[in-house]
Amino acid sequence: MPELPEVEVIRRGIRPFLTGKSIKKIILSDKKLRHSVSLWDMNRELLGNTIVTVKRRAKYLLCHLDSSALLIFHFGMTGNLGIFPLDAPIAKHDHLRIELHNDTELRFNDTRRFGSIHLLRPEETVDLENTFFKTTGPEPFDAAFNGEYLFNRAKKKTQPLKTFIMTNATVAGIGNIYANESLFAARLSPVRKVNKISLEEWNTLVKEIRRVLQHAIACGGSTISDFVNASQESGYFQMNFKIYGKDGDKCSICSSIIQKQVVGGRASFYCSVCQG
DNA sequence: CAAGTTACCTGACGGC
DNA sequence: TGCCGTCAGGTAACTT
């Protein structure tokens, strides 16, 4: 379930193996992803071109080509990218293989196919923020993401706090796990109505979201479930969750029993004492 | 227009 | 043993 930290870890993991490499061959599986690209379009925009930078925006990974074309990956629930020797066995659910000129291969694997692959032609990449990312909110580490921004955005809404921060238009990259962890760190209840949150509380939440995400990136991304880091070694660092999946356990602050409740259709974990 | 619900997928797991 | 229901959650499309 790659959220922002996991995508960032994948990016850092594969970037050195991709930059400066040109694309020699592309192989697609016959399975459809949530969104995918035809082999014909891939070949036209990618073959013979060189990857110049690997970036991230929200939970998307962006491979910029020297032609200015852009190959974009979203990992959905179970997606992953890795670099392999050409003769490494093909895994079940490998949906895209991009052979590079140095006889290595970038492989996109996605068991549940909630992931997506997008390809933008050079002329489509000039103003990404107003096109592809038109509805995507600020990055959590951007100055634009601050207490005042959240306060103003929330004041006319009645949503639960957790749903609000998981909405990509509010802030990019926060999924269920880090929403739970950030709210616990900020001592805020997931079910609070967002129009009742004070500016001071929003400021605290911004600070805690950044701290939680930064910590997760530093831990190499979480290794929960089927996330595997870019070098394909499962779990080299394990993020220690304080609240996610801990229902029935004692709160690390006050020893009360951690509760589980569905909020906005998603499993939510919280301490009813600390996050009153 | 905001907010809530469902569809898309596979695999792991628990109950019987 | 094996069958079935449930759950996991990112996002878009849908309904209320």
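FYI, side chains are in, hydrogens and waters are out, and symmetry mates aren't considered; it's all heavy atoms of this structure. Model, not experiment: these values are computed from the prediction. A, B, ... follow the sequence lines: proteins, then strands. Residue 1 opens every chain.
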Protein-nucleotide distance (Leu4(A), atom CG; dG10(C), atom P), rounded to Å
12 Å

Using atom C1' of each nucleotide, how far apart are dA12(B) and dT11(C) to the nearest Å?
23 Å

Share the residues that join Val191(A) in a hydrophobic cluster, the rule being Ile, Leu, Val, Met, Phe, Trp or Tyr side chains under 4.5 Å apart at the heavy-atom level.
Val263(A)

Are any non-hydrogen side-chain atoms of Met42(A) and Ile23(A) less than 4.5 angstrom apart?
no

Under-3.5 Å N/O pairs linking protein and nucleotides 1-5 of chain B:
residue, atom, partner, partner atom, Å
dA3(B), OP1, Thr158(A), N, 2.4
dA3(B), OP1, Thr158(A), OG1, 2.8

Short heteroatom pairs, N/O only, protein and nucleotides 7-10 of chain B, under 3.5 Å:
residue, atom, partner, partner atom, Å
dC9(B), O3', Arg113(A), NH2, 3.0
dC9(B), O2, Arg112(A), NE, 2.7
dC9(B), O2, Arg112(A), NH2, 3.3
dC9(B), N3, Arg112(A), NH2, 3.4
dT10(B), OP1, Arg113(A), NH2, 2.6
dT10(B), O2, Arg112(A), NE, 3.4

Enclosure of Glu148(A) CD (heavy-atom neighbours >12, cutoff 6.0 Å):
no

With heavy atoms under 4.0 Å as the rule, sort Lys260(A) into base, sugar-phosphate or nothing.
sugar-phosphate

Whole-Å gap separating C1' (dA12(C)) and CG (Leu33(A))
15 Å

Return the value, rounded to whole Å, for the distance between atom NE2 of His74(A) and atom P of dT11(C).
3 Å

Using the benzene-type ring in the case of Trp, are the ring centres of Tyr270(A) and Phe184(A) under 6.0 Å apart?
no

Using nucleotides 13-16 of chain C, report all nitrogen or oxygen pairs with the protein that are shorter than 3.5 Å.
none

For DNA chain B, stems built from three or more consecutive Watson-Crick or G-U wobble pairs below 3.5 Å:
B:2-8 with C:10-16, B:10-16 with C:2-8

Heavy-atom count around Lys21(A) NZ within 6.0 Å, excluding the residue itself: above 12?
yes

Glu200(A), CD: over 12 other non-hydrogen atoms inside 6.0 angstrom:
no

For Phe132(A), the hydrophobic cluster (side chain heavy atoms closer than 4.5 Å, chained through members) also holds Tyr60(A), Leu62(A), Leu70(A), Ile72(A), Leu120(A), Leu128(A), Phe133(A)

How long is the line joining CE of Met77(A) and P of dT11(C), in whole Å?
11 Å

In whole Å, what is the span from the CD1 atom of Ile165(A) to the C1' atom of dG10(C)?
15 Å

Quickly work out the Ile10(A) CD1 to dG10(C) P distance and round it to whole Å.
14 Å

Looking at every strand, decide which applies to Asn168(A) at a 4.0 Å heavy-atom threshold: base, sugar-phosphate, or nothing.
sugar-phosphate

Lys207(A), NZ: over 12 other non-hydrogen atoms inside 6.0 angstrom:
no

